[in-house]
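Some notes on the structure that comes next.
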Number of protein chains: 2
Amino acid sequence: MNAPALLTSTEENYLKAVFALAQPRIGTNALADRVQTKASSATDMIQRLAEKGLVEYERYRGVGLTPSGRVAAAAVIRRHRLWEVFLAEKLGFGWHEVHDLAEELEHVQSPELIRRLDAFLDTPSYDPHGDPIPRADGTWPTAAGIRLDQVPVGQSFAVAGAADRTDELLDYLHRVGMVPGTEWTLSEIVPFDGTRTVQTRSGRTLDLSALAARHVLVQPHESQTPNA
Amino acid sequence: MNAPALLTSTEENYLKAVFALAQPRIGTNALADRVQTKASSATDMIQRLAEKGLVEYERYRGVGLTPSGRVAAAAVIRRHRLWEVFLAEKLGFGWHEVHDLAEELEHVQSPELIRRLDAFLDTPSYDPHGDPIPRADGTWPTAAGIRLDQVPVGQSFAVAGAADRTDELLDYLHRVGMVPGTEWTLSEIVPFDGTRTVQTRSGRTLDLSALAARHVLVQPHESQTPNA
DNA sequence: CTTTATTTTTAGATTTGTCTAAATTTGAAT
DNA sequence: ATTCAAATTTAGACAAATCTAAAAATAAAG
Ligand SMILES: [Mn+2]
Ligand SMILES: [Mn+2]
Ligand SMILES: [Mn+2]
Ligand SMILES: [Mn+2]
């Protein structure tokens, strides 16, 4: 049971990609796509990770994480998301800007650094995108919320996160002010196309397409049933 | 006048080493020593940096920085020392622990990150070791202080830094409480061997060898000439 | 001035991560 | 069953960074 050998930044990036995409396995092309490389390179790396016991790999059949691979991936994701919280909360970056920076910071190797960063940030459970931050013991907080398209009319809620990390989505939500922590009430659902109208306490209203609503995660408040 | 091409972590580490050691030139062995590698590897890297115009290199004659090499080195040192301040001030690391972590963090490439980190730390002028932090415009604050062995008896002062970064020195000073920001008065110099006795306002005294005194940088207060 | 010791550079090999192009395998469609 | 297209793997090459061992230049002694 020797301590897990240190991984390179590249290996860590591949592990995260396998974690994100494997259900329970993922093919070489999709993986290569995710880590911005070619399928042949992905095959190479997968074979090396398989020898280290981090992924289980069967030729032509795809790749998945082993238990120890899952542990390693969770550690990287923990670092990534803690840095994202730091960048957003302490340095004032927008949620659409933090990912690329965290992608580099996550590879700085030091358990003590992460312990102290975690404490400095008051042990957050979710990152600025609403994604759960694995705990130091490897367990995961439960998902941050439900999708806005599943909220009934009249319900008020706080924005908890976004369902994916594309720049288009994050920039849009940032621009219209639907960022984590803001408070809204769903005032209408247009039957024709599912468009949602939401409003702030101060009365500002905003229309969201059904597609957009499907990509916003929210935390509903206890329902103040309008009239009993 | 294209923007300076991005440098690898390794190139940045070599540049810092040349900056630290070249006065005005440094040999391959000393350089290799500093970056923990072999002379042959250092030669390779130097030749590549020379082609990029960052060092001036003459075979068998040693290597020094060009003006643009000095600019690049200052930028790396700025990042390194800002991260050191962050680690010490915000995360509570001791001054003897911050260097190795900063050695990694300094390579994260993002001008905006450094701008915001600098502001978050209130634009510090010195790092936890008392070394000056190059400003965003590339200029340098003046040195933090004078050596303790040059302070006269009766003089009070604040510890500003250490004259080198060896673990032995930093651990020792940390253990006896002579860390940056602490206040002392020099009460005696033993004529025989130059031992210094210093004391805190609360009366705690501490003896420092002449050797140790030579490695502590201090900021003297205006002299309260004991009796006019 | 020669010889010797030191420093520095080259030559050749290795590891990591990547690429293109060619060869295999798989799975789906006739 | 054949044929075909897509996915995947191999083969071979390359750049970055490193190493060891051998060659070359410089500096120091004699
Ligand atoms: Mn990354
Ligand atoms: Mn995130
Ligand atoms: Mn470094
Ligand atoms: Mn320092």
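These numbers were taken from a predicted model, which means no experiment stands behind them. Below, read A as the first sequence line, B as the second, and so on, with proteins coming before strands; counting in each chain starts at 1.
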Taking N or O atoms only and anything under 3.5 Å, show me the protein contacts with nucleotides 26-29 of chain C, one pair per line.
{"residue": "C:dT26", "atom": "O3'", "partner": "A:Arg61", "partner atom": "NH2", "Å": "3.1"}
{"residue": "C:dG27", "atom": "OP1", "partner": "A:Arg61", "partner atom": "NH2", "Å": "3.3"}
{"residue": "C:dG27", "atom": "OP2", "partner": "A:Arg61", "partner atom": "NH2", "Å": "3.4"}

Between [X] and [N], does any side-chain N or O lie under 4.0 Å from OP1 or OP2?
{"X": "B:Asn29", "N": "C:dT6", "result": "no"}
{"X": "B:Gln47", "N": "C:dT9", "result": "no"}
{"X": "B:Thr28", "N": "C:dT9", "result": "yes"}
{"X": "A:Tyr14", "N": "C:dT16", "result": "no"}
{"X": "A:Thr8", "N": "C:dG17", "result": "yes"}

Qualifying side-chain hydrogen bond (donor to acceptor under 3.5 Å, both in side chains) pairs with a residue from residues 140-151 of chain B, counting only residues at least two apart or across chains: B:Arg147-B:Asp149
Distance, rounded to the nearest Å, where [X] contributes [atom1] and [N] contributes [atom2]:
{"X": "B:His107", "N": "D:dA17", "atom1": "NE2", "atom2": "C1'", "value": "14 Å"}
{"X": "A:Glu58", "N": "D:dT8", "atom1": "CD", "atom2": "P", "value": "13 Å"}
{"X": "B:Leu7", "N": "D:dA17", "atom1": "CG", "atom2": "P", "value": "10 Å"}
{"X": "B:Arg48", "N": "C:dT9", "atom1": "CZ", "atom2": "C1'", "value": "15 Å"}
{"X": "A:Asp44", "N": "C:dT15", "atom1": "CG", "atom2": "C1'", "value": "13 Å"}
{"X": "B:Met45", "N": "C:dT10", "atom1": "CE", "atom2": "C1'", "value": "17 Å"}
{"X": "B:Tyr57", "N": "C:dT9", "atom1": "OH", "atom2": "C1'", "value": "7 Å"}

Steps toward side chain to side chain contact (heavy atoms under 4.5 Å, CB included) verdict (A:Glu103, A:Lys16): CA-CA 11 Å; A:Glu103 198 59 49; A:Lys16 278 201 312 174; 3.0 Å; yes
Side chain A:Ser40 and base C:dT20 donor-acceptor under 3.5 Å: yes
Aromatic ring pairing B:His129/B:Trp95, orientation class (parallel under 30°, perpendicular over 60°, tilted between): parallel
Ring geometry between A:Trp83 and B:Trp83 (parallel below 30°, tilted from 30 to 60°, perpendicular above 60°): perpendicular
Lys/Arg-Asp/Glu bridge criterion (N-O < 4.0 Å) met for B:Arg48, B:Glu51: no
Salt-bridge contact A:Lys52-A:Glu11 (side-chain N to carboxylate O under 4.0 Å): yes
Sugar-phosphate, base or nothing in reach of A:Ser41, heavy atoms under 4.0 Å: base
Distance under 6.0 Å and angle within 45° of ring axis: B:Arg81 vs B:Tyr126: no
